[in-house]
Enquirer: 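Mind having a look at this structure? Questions to follow.
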Amino acid sequence: MTAKIEAKNLVKIYGENTDKALELFNQGLSRSEIIQETGLTVGVAGVNFEIAEGEIFVIIGLSGSGKSTLLRCINGLLMPTSGSLLVDGKAVEELNEEQLRKLRGEEISMVFQHFALLPNRTITDNVAFGLELRGVPYEERRERAQKALISVGLEEWKDKLPDELSGGMKQRVGLARALVMESGILLMDEPFGALDALIRAEMQEELVSLQREIKKTVVFVTHDLDEALRLGDRIAIMRDGAIEQIGTADEILSEPANDYVDRFIQGVDVSKILDARSISKWPRELVRDTESASVALHRMKKADTDYLFVLGPRYKLVGLVMKEDLLPLAQKREKSFTDVIKEANTVSADTIMRDVYSELRSAEKDLAVVDENGRFLGVITHSVLLMTLDERKGGDGIAES
Amino acid sequence: MVLPSLELPKLPLGDAIEWFVRWLIKNLSVIFDFVSDVLSAVSGALSDGLLWVHPVILIIIFSIIIWLITNKLTAILSAIGLALVWNMGLWPELVDTLVLVVVGVAIALVIGIPTGILMTRSRKLEGFMRPILDFMQTMPPFVYLIPAAMLFGIGVVPGLFATVIFAIPPPVRLTYLGITQVPLEMKEMSIAFGANDRQVLRKVELPLALPSIMAGVNQCIMLGISMVVIASMIGARGLGEVVLYSLSRLDLSLGFESGLAIVILAMVLDRMSRNVGSGKQTPLSRLIEKYNNYRKQKKEENKEEIEQAA
């Protein structure tokens with residue numbers, strides 16, 4: 001399979017008259033030596049990678065490591081000083097103005113760190129902006145923009161101005177503006193960097209679930225390692241314009257290529273990567289609040305347990321029932337057990353594992369995992385948590401606490 | 001004490017300028033005559049047209065326009081002010097002055113705004129224009145009257161010429177400033193979504209720079225009005241002429257009245273041009289919104305009808 005995006009010895013040096021700086025770079029001088037000699041900054045220093053179609057490729061590094069520069073070489077906002085960048089096998093740096101505009105308008109769309117929404121346009125007109133540039137007729141582009149807004153859950157805001165939206169909503173609009181172009185490649189430049197932690201986690205979750213449907217080739221720039229590990233099919237760690245290591249989250253965590261990568265990942269708490277939802281399991285048996293006490297007892301026997309979680313309509317968690325409370329009811333031939341339902345210990349789906357652990361320690365029974373609407377997603381048993389921790393490198397760190 | 005004088009020849013700077021203007025007159029007089037004829041015809045026709053309408057009707061029309069783009073109070077105050085000018089017997093002079101200002105400002109904007117845009121595109125042009133703009137703004141405006149009179153003779157056209165030169169720097173500067181202040185990420189965004197140069201300018205830079213550009217327009221109008229008295233020194237008609245006349249006769253009563261008329265005109269034009277592009281709610285914007293909603297509703301009804309028919 002050919003790569004969707006491919007970089008070959010890509011070098012980007014900022015400034016004019018880059019010939020001398022390039023020559024010094026080819027002689028193997030370091031970035032700081034080149035600045036001293038010529039005053040020019042090497043943004044990207046000889047990078048090679050291949051990105052497959054449908055992959056989320058995360059570029060991570062500290063600020064000034066060249067990750068945004070690299071991203072901008074993909075859609076030709078910046079032109080490489082030497083080397084080549086291929087999109088669908090075609091070299092971006094060889095395209096003329098017209099072809100470049102076509103590439104940007106049809107093949108690649110971009111999401112920006114500070115949203116870049118036009119303050120004088122309504123949300124719909126912002127989302128339709130790319131289509132407007134492409135010359136799509138008014139009615140059609142509005143219709144498509146509104147569909148895109150529905151997919152990010154903002155259809156009620158379509159006639160508002162950007163200033164009336166919160167940061168998270170603004171970035172959803174930014175995402176909708178990129179999605180409406182129906183291009184195969186999505187470039188995201190620290191898209192969640194300006195959002196607070198809670199919204200960020202929510203947006204990450206949404207991106208992952210959205211990606212399952214749309215299957216775009218995503219190039220995602222971030223400086224947040226947790227984010228990279230959570231989202232990236234593969235991750236490239238950059239330093240001083242060069243890529244230190246490319247690999248999956250597991251490869252990078254378990255076999256860091258060098259000291260720098262090792263130190264880079266030291267900052268991560270491994271237990272933070274997983275959340276409650278990802279380690280939850282579907283229980284062997286459940287009972288609905290409309291079913292009878294004897295049915296509940298029968299299921300308990302089958303599952304060899306003395307309590308069950310009770311669900312209401314639409315998988316809403318109602319609570320749990322204990323065997324000892326049900327036995328008297330069954331003897332009295334009472335059908336409904338709704339009076340003896342007790343409150344269950346719950347955690348929300350995005351609770352990080354460290355917090356799940358402390359919650360679980362204080363609870364005797366298993367934890368129910370619910371989403372923001374109170375819908376039941378699964379349970380976390382004591383054994384599940386220990387097993388998961390054991391599998392990870394950071395397990396011993398948790399055991400101490 | 002006598003300063004020791006250096007026996008250096010004086011540089012003939014002034015002479016050079018005079019020689020240049022004379023050369024222009026000698027070689028390009030056809031062009032200047034043509035421009036002069038066109039401008040005096042246009043402003044003459046405008047004045048005659050406005051004076052042909054009865055002042056009351058004109059005041060009502062102005063007030064409605066002002067109400068549409070500002071608010072009720074401003075409109076009423078403007079109407080009272082304009083009626084006062086009529087009452088003082090200065091209405092024809094007010095119209096002449098208004099025409100001088102409007103035509104002068106229109107020319108200044110037509111030249112100034114594109115120049116400001118071009119300056120954002122070329123650093124060389126920007127470096128070239130900056131001292132020229134400083135020069136234009138700080139040179140005492142009386143000085144422009146001399147070449148203006150030499151090139152265009154006496155009358156409204158040299159007054160226009162001096163007004164344009166004096167009033168052009170603010171729209172140039174504020175257009176340049178407004179566009180350079182558009183966040184880089186916005187421009188990058190539009191390019192990343194496939195915009196060409198013209199689209200970047202039209203759909204991103206100009207709309208976002210609009211408040212700054214409108215501030216330039218407002219400044220341009222104010223400077224245009226402040227040139228009114230000066231321009232009358234070379235025969236431009238209007239309120240300035242009356243001020244000048246009362247000054248030569250030491251007629252305080254007439255001087256105050258004509259001065260007040262200029263102030264009223266300035267305030268009316270300022271209020272008219274200040275709100276445009278600020279995004280504030282005005283009766284006009286509300287009307288447009290209502291019309292859009294009406295159209296939307298109509299369209300949806302049509303759609304339903306079509307669906308029902310199908």
Side-chain angles (χ1 to χ4, degrees), chain A residues 68 71-72 74-78 97-122 124-136 138-139 142-143 158-159 161-163 173-174 177-178 180-181 183 185-190 194, chain B residues 121-124 178-179 181-215 275-282 285-286 288-304 306-307:
Chain A
S68 288
L71 189 76
R72 279 161 176 70
I74 297 176
N75 63 354
L77 283 178
L78 295 172
E97 273 296 311
E98 191 55 45
Q99 292 165 319
L100 203 55
R101 271 204 297 277
K102 212 167 136 85
L103 178 80
R104 290 168 183 155
E106 293 174 12
E107 301 297 325
I108 304 176
S109 19
M110 193 160 172
V111 178
F112 293 83
Q113 181 176 11
H114 301 292
F115 325 125
L117 301 181
L118 296 168
N120 56 321
R121 290 168 171 251
T122 63
T124 308
D125 288 341
N126 261 296
V127 174
F129 184 68
L131 297 175
E132 184 182 329
L133 295 177
R134 205 193 273 174
V136 176
Y138 180 79
E139 287 299 327
R142 274 185 80 87
E143 213 163 285
K158 62 183 185 342
D159 294 325
L161 291 172
D163 280 347
V173 177
R177 177 175 59 192
V180 81
M181 304 300 283
S183 44
I185 298 172
L186 196 57
L187 305 182
M188 305 185 85
D189 184 17
E190 300 200 33
Chain B
R121 296 295 188 266
S122 151
R123 191 164 286 181
K124 267 185 202 149
I179 290 180
Q181 277 180 344
V182 171
L184 188 67
E185 202 179 35
M186 297 285 186
K187 288 183 214 170
E188 206 174 39
M189 181 278 291
S190 56
I191 295 168
F193 277 89
N196 56 31
D197 292 347
R198 227 183 55 235
Q199 286 171 319
V200 174
L201 179 69
R202 242 189 37 232
K203 293 180 190 284
V204 177
E205 291 182 315
L206 284 183
L208 294 186
L210 191 64
S212 178
I213 294 174
M214 285 316 294
N275 272 352
V276 181
S278 65
K280 274 191 198 138
Q281 279 251 321
T282 63
S285 70
R286 265 175 242 141
I288 292 172
E289 203 173 307
K290 261 185 206 161
Y291 173 71
N292 282 342
N293 286 344
Y294 169 78
R295 251 189 29 183
K296 212 186 280 173
Q297 213 177 333
K298 255 293 173 60
K299 207 170 281 164
E300 267 161 33
E301 276 168 19
N302 274 346
K303 223 185 228 172
E304 272 170 31
I306 292 168
E307 273 166 20

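Note on naming: letters A, B, ... go to the chains in the order of the sequence lines (proteins, then strands), and numbering restarts at 1 for each one. What's counted below: heavy atoms across the whole structure, side chains too, no hydrogens, waters or symmetry copies.
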Enquirer: Non-hydrogen atoms of chain B under 4.5 Å away: do they reach the side chain of A:Arg177, the backbone, both or neither?
Expert: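 It is both, since atoms from each part get that close.
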Enquirer: Show me the pairs that pass salt bridge (Lys or Arg N to Asp or Glu O under 4.0 Å) and involve residues 110-121 of chain A, at least two apart or across chains.
Expert: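 Residue pairs passing salt bridge (Lys or Arg N to Asp or Glu O under 4.0 Å), neighbours aside: A:Arg121-A:Glu132.
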Enquirer: Do B:Pro207 and A:Leu118 touch side chain to side chain, with heavy atoms closer than 4.5 Å?
Expert: no
Enquirer: Between B:Ile179 and B:Leu206, is any pair of side-chain heavy atoms under 4.5 Å apart?
Expert: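 Sidechains of B:Leu206 and B:Ile179: in contact.
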Enquirer: Give, as side chain, backbone, both or neither, the part of A:Met110 having an atom under 4.5 angstrom from any heavy atom of chain B.
Expert: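 Answer is both: backbone and side chain atoms of A:Met110 are under 4.5 Å from chain B.
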Enquirer: Within a strict 4.5 Å, meaning less than it, do heavy atoms of the A:Arg72 and A:Asp189 side chains meet?
Expert: yes
Enquirer: Side chain, backbone, both or neither: which part of A:Phe112 has a non-hydrogen atom closer than 4.5 Å to chain B?
Expert: both
Enquirer: With a 4.5 Å heavy-atom cut-off, do A:Met181 and A:Ile108 have their side chains touching?
Expert: no
Enquirer: In terms of heavy-atom contacts, does CG of B:Asp197 have more than 12 from other residues, nucleotides or ligands at under 6.0 Å?
Expert: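 Atom CG in B:Asp197 is not crowded, with 12 or fewer foreign heavy atoms closer than 6.0 Å.
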Enquirer: What is the minimum heavy-atom distance between A:Ser109 and A:Ala178, and which atoms define it?
Expert: OG-O, 3.1 Å
Enquirer: Identify which of A:Asn120, A:Leu187, A:Asn75 forms the greatest number of heavy-atom pairs closer than 4.5 Å to chain B.
Expert: A:Asn120
Enquirer: Is there any residue in residues 97-107 of chain A with a non-hydrogen atom under 4.5 Å from a non-hydrogen atom of chain B, and which ones are they?
Expert: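 Within residues 97-107 of chain A, the residues that come under 4.5 Å of chain B (heavy atoms only) are A:Arg101, A:Arg104, A:Gly105.
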Enquirer: So A:Pro119 and B:Met186, do their side chains get closer than 4.5 Å, heavy atoms only?
Expert: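 Yes - at least one pair of side-chain heavy atoms lies under 4.5 Å apart.
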Enquirer: Identify which part of A:Asp159 has an atom lying under 4.5 Å from any heavy atom of chain B, answering side chain, backbone, both or neither.
Expert: side chain
